[in-house]
A.B. asks: 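Handing you a structure now.
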Amino acid sequence: MSATQQKLIEGALAAVREHGIAGVSARTIAAAAGVNQALVFYHFGTVDELLSVACRSETETRVAVYRERFAAVRNLRELLDVGRALHEREKTDGNVAVLGQLLAGAQTDERLAASTGAALALWTAEIETVLRRLLDGSPLGMLADPAGLAQAVSAAFVGLELFEGVDPDGAAQAFTALEQLAVLAEVVDDLGPVARRALKMRLRKL
């Protein structure tokens, strides 16, 4: 990727933060990037294509930042801790606002919906990898489908990020409830062999 293309990607994200998805144009992107607006079309063809590339590229960068932390997670509570840290960092950097705008635009723009969905899938894949590792051998692994659970976690995380903007206290309560569930999962995993066998037998009947 050329330096100009990178400037345009950064400019597109900055324009979304400043103007919202409805106010993004070649002009606002070029102004944020400090380049001629004709370069938007030269390098990406359309504003929509630039937004799609920017969405994917930025998410790949953000996922890479957290990959080592995901790999070091040992239990569900630590996974939630990573989620909290990620949430605070992304909010501070303005990426939560960008996500909200992209999701809003995706409701009526198929191309943006596809790129936003693909970007979210990158996070989901990382979470699924962690969940498969954590649930392997756990009684909960008999009950929870890692792929489906990863989708649910991703959806809940996106919802909490947006929800906090209108109800910070409610979002904090939701994080606390998730923390309590993580503690419950630890209790289940710490059961003795007899209790684990009884629980597994019970789960097989569900």
A.B. asks: Below 4.5 Å, heavy atoms only, C-beta onward: do R56 and L122 meet side chain to side chain?
C.D. replies: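 Of all side-chain heavy-atom pairs linking L122 with R56, at least one is under 4.5 Å.
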A.B. asks: Do the side chains of F157 and V96 join up, straight or via other hydrophobic residues, at under 4.5 Å, putting them in one cluster?
C.D. replies: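 No, because F157 and V96 fall into different hydrophobic clusters, even though each may have its own neighbours under 4.5 Å.
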A.B. asks: With side chains defined as the heavy atoms from C-beta onward, is the minimum distance between R77 and L80 less than 4.5 Å?
C.D. replies: no
A.B. asks: Restricting to non-hydrogen atoms, name the atom on A147 and the atom on R132 that form the minimum distance, rounded to 0.1 Å.
C.D. replies: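 Here A147 and R132 meet closest at CB-NH2, 4.1 Å.
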A.B. asks: Contact between Y66 and E90 at the side-chain level, heavy atoms closer than 4.5 Å - yes or no?
C.D. replies: yes
A.B. asks: For the side chain of R133 and the backbone of V73, is there at least one donor-acceptor N/O pair under 3.5 Å apart?
C.D. replies: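 A pair under 3.5 Å: yes.
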A.B. asks: To the nearest 0.5 Å, how far apart are CG in D145 and CD in Q151?
C.D. replies: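 Between atom CG of D145 and atom CD of Q151 there are 9.5 Å.
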A.B. asks: I want to check something: taking the side chain as every heavy atom from C-beta on, are R111 and L51 in contact at a cut-off of under 4.5 Å?
C.D. replies: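 In short, these two side chains do not touch, never coming nearer than 4.5 Å.
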A.B. asks: For the residue pair A32 and A14, what are the closest heavy atoms and their distance?
C.D. replies: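 Heavy-atom minimum between the residues: CB-CB, 4.0 Å.
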A.B. asks: How far apart are the closest heavy atoms of T46 and F41, and which atoms are they?
C.D. replies: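 Closest approach of T46 to F41: CA-CD2, 4.4 Å.
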A.B. asks: Give a yes or no on whether the backbone of N95 and the side-chain of D93 come within a donor-acceptor separation of less than 3.5 Å.
C.D. replies: no
A.B. asks: Taking all non-hydrogen atoms of both residues into account, name the closest pair between I29 and V40 and its distance.
C.D. replies: CG2-CG2, 4.2 Å
A.B. asks: Does E88 come within less than 4.0 Å of K91, counting only side-chain N to carboxylate O?
C.D. replies: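 Yes, charged N to carboxylate O under 4.0 Å.
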A.B. asks: Please test L112 against D48 for side-chain contact (heavy atoms from CB on, under 4.5 Å), starting from the C-alpha separation and ending with a verdict.
C.D. replies: CA-CA 7 Å; L112 192 57; D48 283 350; over 6 Å; no
A.B. asks: For T4, give me all partners under side-chain hydrogen bond (donor to acceptor under 3.5 Å, both in side chains), at least two apart in sequence or on another chain.
C.D. replies: none
A.B. asks: Stepwise, does the side-chain contact (heavy atoms from CB on, under 4.5 Å) test hold for N75 with E78?
C.D. replies: CA-CA 5 Å; N75 52 55; E78 289 186 4; 3.3 Å; yes
A.B. asks: Is there side-chain contact between V53 and E49, with heavy atoms separated by less than 4.5 Å?
C.D. replies: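 With C-beta onward as the side chain, the pair touches.
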A.B. asks: Where is the tightest heavy-atom contact between S2 and H43, given as atom of each residue plus distance?
C.D. replies: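 It is OG-CE1, 4.1 Å.
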A.B. asks: Look at the side chain of T28 and the backbone N and O of S25, then say whether any donor-acceptor pair between them is shorter than 3.5 Å.
C.D. replies: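 Confirmed, T28 side chain pairs with S25 backbone.
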A.B. asks: Does any non-hydrogen side-chain atom of L79 lie less than 4.5 Å from one of F70?
C.D. replies: yes
A.B. asks: In this structure, would V166 and L99 fall into the same cluster of hydrophobic residues linked by side-chain contacts under 4.5 Å?
C.D. replies: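 No, it is not one cluster - the side chains of V166 and L99 are not joined through contacts under 4.5 Å.
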A.B. asks: Testing the basics here: between A54 and A12, what is the closest heavy-atom pair and its distance to 0.1 Å?
C.D. replies: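 Taking every non-hydrogen atom into account, CB-CB, 4.3 Å.
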A.B. asks: Would you indicate whether the side-chain heavy atoms of T116 and D109 approach each other to under 4.5 Å?
C.D. replies: no
A.B. asks: To the nearest 0.5 Å, what is the distance between CZ on R62 and OG on S57?
C.D. replies: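 OG of S57 is found 11.5 Å from CZ of R62.
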A.B. asks: From S154 OG over to L149 CG, what is the distance, rounded to the nearest 0.5 angstrom?
C.D. replies: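 Reported to 0.5 Å precision, the distance equals 9.5 Å.
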A.B. asks: State plainly whether one hydrophobic cluster holds both I9 and V47, where clusters connect Ile, Leu, Val, Met, Phe, Trp and Tyr through side-chain heavy atoms under 4.5 angstrom apart.
C.D. replies: yes
A.B. asks: At what distance, to the nearest 0.5 angstrom, does CG of L103 lie from CG of L120?
C.D. replies: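 Here the rounded value is 6.0 Å.
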